[in-house]
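Heavy atoms only: backbone and side chains are in, while hydrogens, waters and symmetry mates are out.
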Amino acid sequence: MTLRHMKIFVAVFRHSSITKASRELHLAQPSVSLCIRELEEYYVVSLFERIGRGITPTEAGKEFYGYAIHIVD
């Protein structure tokens with residue numbers, strides 16, 4: 001995975017919203033969704049639960065955030 005993937009994950013985690021993260025990063029929403037899906041497929045784990053139009057991080061997502069934030073910083 002790339003640093004770009006980590007930055008996108010961190011933004012989505014912080015906003016709890018793919019749409020808000022895409023606005024902050026100046027990316028199209030489908031690009032952000034694809035990035036999150038690629039991370040989940042690469043690590044074979046669900047990082048977010050999709051509930052209606054919202055998302056919440058899973059336990060694995062919370063743990064991954066701890067690592068991702070250090071990588072991004």
Side-chain angles (χ1 to χ4, degrees):
M1 290 290 98
T2 65
L3 183 59
R4 178 179 181 268
H5 282 85
M6 297 297 171
K7 288 180 179 179
I8 291 171
F9 171 80
V10 168
V12 171
F13 187 93
R14 286 183 177 163
H15 289 288
S16 294
S17 168
I18 290 175
T19 303
K20 289 178 184 175
S22 67
R23 286 186 198 140
E24 175 189 313
L25 299 168
H26 305 287
L27 296 170
Q29 184 270 335
S31 298
V32 175
S33 294
L34 176 63
C35 177
I36 297 299
R37 191 170 345 127
E38 288 173 345
L39 278 171
E40 291 177 330
E41 288 174 3
Y42 184 81
Y43 291 111
V44 192
V45 66
S46 180
L47 299 171
F48 294 99
E49 288 184 34
R50 284 113 176 125
I51 302 169
R53 302 191 121 230
I55 61 169
T56 56
T58 62
E59 288 303 315
K62 292 174 186 174
E63 187 174 340
F64 187 74
Y65 177 76
Y67 295 109
I69 196 71
H70 288 295
I71 293 168
V72 169
D73 286 341

Can we call the ring centroids of Phe48 and Phe9 under 6.0 Å apart? yes
Do you know which two heavy atoms are closest between Phe13 and Pro57, and how far apart they sit? CE1-CB, 3.4 Å
Under 3.5 Å donor-acceptor, Glu49 side chain and Thr56 backbone: no
Interatomic distance, Leu47 atom CG to Ile36 atom CD1 [nearest 0.5 angstrom]: 7.0 Å
If you take all heavy atoms of Ala60 and Ser46, which pair is closest and at what distance? CB-O, 4.0 Å
Which atom names give the shortest non-hydrogen contact between Val32 and Ser22, and what distance separates them? CG2-CB, 3.7 Å
Going hydrophobic residue to hydrophobic residue with side-chain gaps under 4.5 angstrom, can you get from Val10 over to Tyr67? no
Applying a strict under-4.5 Å side-chain criterion to I, L, V, M, F, W and Y, I'd like to know whether Leu25 and Leu34 cluster together. no
Quick one: CD1 on Ile55 to OG1 on Thr19, what's the gap to the nearest 0.5 Å? 9.0 Å
Taking CZ in Arg23 as the centre, count heavy atoms belonging to other residues, nucleotides or ligands within less than 6.0 Å. Is the count above 12? no
Heavy-atom check, side chain of Phe64 versus side chain of Leu39, under 4.5 Å: yes
If I take atom NZ from residue Lys7 and atom CG from residue Leu27, how far apart are they, to the nearest 0.5 angstrom? 11.0 Å
Of all pairs that satisfy side chain to side chain donor-acceptor pair (under 3.5 Å), the ones with a partner from residues 27-39, not counting sequence neighbours: His5-Glu38, Gln29-Ser33
Looking at every non-hydrogen atom in both residues, tell me the closest pair between Glu24 and Ala11 and how far apart they are. OE2-CB, 4.1 Å
Run the side-chain contact (heavy atoms from CB on, under 4.5 Å) test against Ile71 and tell me which residues pass, sequence neighbours left out. Leu3, Met6
